[in-house]
Amino acid sequence: MVRRFLELLAREASAVEFEGPIIEARAAGADPAEIERLELAKVEALRVRQLLRRRARREAELSALFDTAGDLAALRDLDAVLEAIVHRARQLLGTDTAYLTLGDPERGDTYMRVTDGSVSAAFQALRLGMGDGLGGLVAQTARPYSTADYPADSRFHHTGTIDSAVKEEGLVAILGVPLRLGRRVIGVLFAANRSARPFLQEEEALLASLAAHAAVAIDNARLLQETRNALDELSQAHRTAREHAAAVERAALAHDRMTSVVLRGGGIENVAAVITEVLGGTLAVLDDLGRPLAGDADAAGTDPGVFEAAQASRALGRTVRRGELLIASVDVGGEPLCTLVLRSDDADERILERGAQVCALLLLFRRSVAEAEGRVRGELLDDLISRPGSPGLADRARRLGLDLDTPHVLIVARHEGQRERAAFWASSQAAIRHGLAAARGEEVVLLLPGDDPGGIARRIAAELTASLGQPATAGAAVPRNGEVTAAYREAQRCAQALVALGRAGDGAGAAELGFVGLLIGDGQDVPGFVDSVLGPVSGYDARRGTALVDTLAAYFAAGGSPSRTAEAMHIHVNTVTQRLDRIAKLLGDSWQEPERALELQLALRLHRLGHTTFPQSVENGPI
């Protein structure tokens, strides 16, 4: 029978099977002494069985620890190592689940990092505050804790969140050991069952060994990552240094090319070409008002944010990126001078900034030259106005490329404030259009080639208004017989009249001001005024032999009554109505409005006084 027990041990039979030889002996009628001897043999066999199982278990634990140490030696992925440790803890302790939490220094608690055997999403996302629950107590005290029945254990600080997650996972018995690096606890390793049972001291020691391996794995991973980060930073610093050196050399070469272009007499358009050749993309060079000076004007687009980006560039003193646009702007004394807008996905900002500086220097040089020439032109115009007839005026004009014997128009443009900007603008216009310009208080005076005072005045008013950003009103006159002084006074009166008539920001000569022009104009061109007002009607009369002018005069004399007009002219009222309809077609529907009617009545009065002779053909439209 003892041999039977050895056979059971050899095939690792269960503990119940060791009762078999005793049962068989009783069935065979063995005496009590034999039965007692078998009982003693069974007890010894079970002790041997327990010892063998303990040694096998210990061998498995040592093998698992050896494998874990091997994983640490070949550490590549921290998550994989931690998952292997948690999985082995669950297998070796034979528990339903195992899990590991790590500390969060920023939030001052621990969070679930790895689980094995868990089925609850809430449990897998659980966070434990210091001192809360079994895990929080382990993290706080750095000591292992276990419980055979967690829900009923009052040694731990229970919270609703933790208890709810533990209940959802179905855990009852829990063992937790700290993960320590020196004296610092970085996390907790757990083994847990879904039924009540105590944990043995051997199980706690095994879990502590695995926890020590996990702590080493985490620390090794941290050191390895720090090493990698340091190497990456060193490599990046090396690349950055090389790129910076290459960028500096490239920028210096580009600057040398731009400087060479300037020294050879090149302009802003040549500098823009160099920048585009070096950086690629499309480039626009804008002046202080955002108007294109050179390059591709479409490169700046219509994005209103370009203006804000240019302001930011001037404030920061460097290039500003807005989408695919690079904006570099330069100012002088707080006033914008020029802005470079490069449309490119990737370009060297230093080269663009140097290009902006070179363009700014060119503009400053141009401005200095223009200001010097403007002073000369301004002095000449001042002398033409203030000292007419002084000797040498014609010679001085010829030296500036101005022939005073050709038709010219004198313009007086009134503005409010911004004297320097207005003076610079006027000087630039005079240089471009081969004329003269001078600044006088709140007005600028220009003498420009041409014979259309009204058209030139309107253009000057519009362009100066756009430059200043506020209304500028221009009056114009043609110097007669070289009398610049008289033309200046007439142009002044035209500008004043426009303001008085509520037409600030407009431009006109005396001829465009109607009867007001008769009052302020030195030439007093009465025939021209009458012709401009009544010409369409009188021309019709001349071609058709009608009496529209007489009918119009009678209509106004009758206070605008068709019936009284018919009585005064001894014609039928329908005839009056037909003639008035024809007059409306010739003069336009607004002919009876107060201001227009006043001009018509004044023209009729002058016509009756014999101050004009009408042309034979004015209006060529349908009769």
Side-chain angles (χ1 to χ4, degrees), residues 61-93 95 97-118 123-147 155-157 162 174-192 199-234:
E61 292 172 356
L62 292 174
S63 177
L65 292 174
F66 179 79
D67 292 341
T68 302
D71 291 341
L72 292 177
L75 177 63
R76 292 294 181 271
D77 185 354
L78 176 62
D79 288 336
V81 173
L82 295 181
E83 288 172 2
I85 290 173
V86 171
H87 181 69
R88 285 168 187 158
R90 180 188 175 199
Q91 284 185 324
L92 291 176
L93 272 68
T95 55
T97 182
Y99 50 97
L100 181 146
T101 62
L102 292 180
D104 186 341
E106 294 184 359
R107 297 182 54 170
D109 60 2
T110 61
Y111 65 95
M112 199 72 70
R113 175 66 184 270
V114 181
T115 64
D116 189 77
S118 173
F123 183 78
Q124 294 168 15
L126 188 63
R127 300 186 75 97
L128 293 81
M130 290 296 180
D132 293 340
L134 184 146
L137 189 60
V138 172
Q140 185 180 53
T141 63
R143 294 176 55 191
Y145 280 90
S146 66
T147 177
R155 293 179 299 161
F156 312 110
H157 178 243
I162 297 175
I174 303 175
L175 168 63
V177 296
L179 277 69
R180 295 199 296 186
L181 284 176
R183 297 182 178 181
R184 184 165 59 93
V185 176
I186 62 171
V188 180
L189 180 61
F190 298 87
F199 286 94
L200 302 176
Q201 185 176 1
E202 294 84 353
E203 293 175 321
E204 180 180 310
L206 174 60
L207 194 63
S209 297
L210 291 172
H213 281 82
V216 172
I218 294 171
D219 193 45
N220 286 348
R222 177 185 61 80
L223 294 174
L224 181 61
Q225 188 60 46
E226 289 179 355
T227 302
R228 288 174 177 169
N229 292 342
L231 290 174
D232 289 342
E233 290 176 1
L234 183 60

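Here the structure is a predicted model, which means the values were calculated and not measured.
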Taking distance alone, no hydrogens or angles, what donor-acceptor pairs closer than 3.5 Å link side-chain atoms of residues 179-191 to residues at least two apart or in another chain?
none

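Residues Ala139 and Thr110 approach most closely at CB-CG2, 4.1 Å, considering heavy atoms. Counting all heavy atoms, side chain and backbone alike, Met112 lies closest to Phe123 at CE-O, 3.3 Å. For the pair Pro178 and Pro144, the tightest heavy-atom approach, listed with the atom from each and the gap, is CD-N, 3.9 Å. Taking every heavy atom of both residues into account, Asp132 and His157 meet most closely at OD1-ND1, 2.7 Å. Closest approach of Ala98 and Ala89 over heavy atoms only: CB-CB, 4.4 Å. Minimum heavy-atom separation, Ile162 to Leu126: CA-CD1, 4.2 Å.
Residues Thr147 and Arg155 are in side-chain contact: their nearest non-hydrogen atoms beyond the backbone lie under 4.5 Å apart.
In this structure, a donor-acceptor pair under 3.5 Å is present between the side chains of His87 and Gln91.
Interatomic distance, CG of Leu92 versus OG of Ser209, reported as 10.5 Å (0.5 Å rounding). Rounded to the nearest 0.5 angstrom, Leu93 CG and Glu203 CD are separated by 4.5 Å. A distance of 9.5 Å separates CG of Leu102 from CG of Asp104, quoted to the nearest 0.5 Å. For the atom pair Asp109 CG and Thr101 OG1, the distance stands at 9.5 Å (nearest 0.5 Å). Taken to the nearest 0.5 Å, the CG atom of Leu128 stands 9.0 Å off from the CG atom of Leu134. Once rounded to the nearest 0.5 Å, the distance linking CE of Met130 with CZ of Arg107 reads 12.5 Å.
Each of Arg90, Gln124, Glu83 was compared with Thr115 under the side-chain contact (heavy atoms from CB on, under 4.5 Å) criterion, and only Gln124 meets it.
Listed by chain and residue number, Asp219, Glu226 satisfy the side-chain contact (heavy atoms from CB on, under 4.5 Å) test with Leu223 (two or more places apart in sequence, or in another chain). Residues passing the side-chain contact (heavy atoms from CB on, under 4.5 Å) test with Ser146, sequence neighbours excluded: Leu175, Phe199.
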Trace of the side-chain contact (heavy atoms from CB on, under 4.5 Å) decision for Asp79 with Arg113: CA-CA 9 Å; Asp79 288 336; Arg113 175 66 184 270; 2.3 Å; yes

Test log, rule side-chain contact (heavy atoms from CB on, under 4.5 Å), inputs Ile174 and Tyr99: CA-CA 11 Å; Ile174 303 175; Tyr99 50 97; 3.7 Å; yes

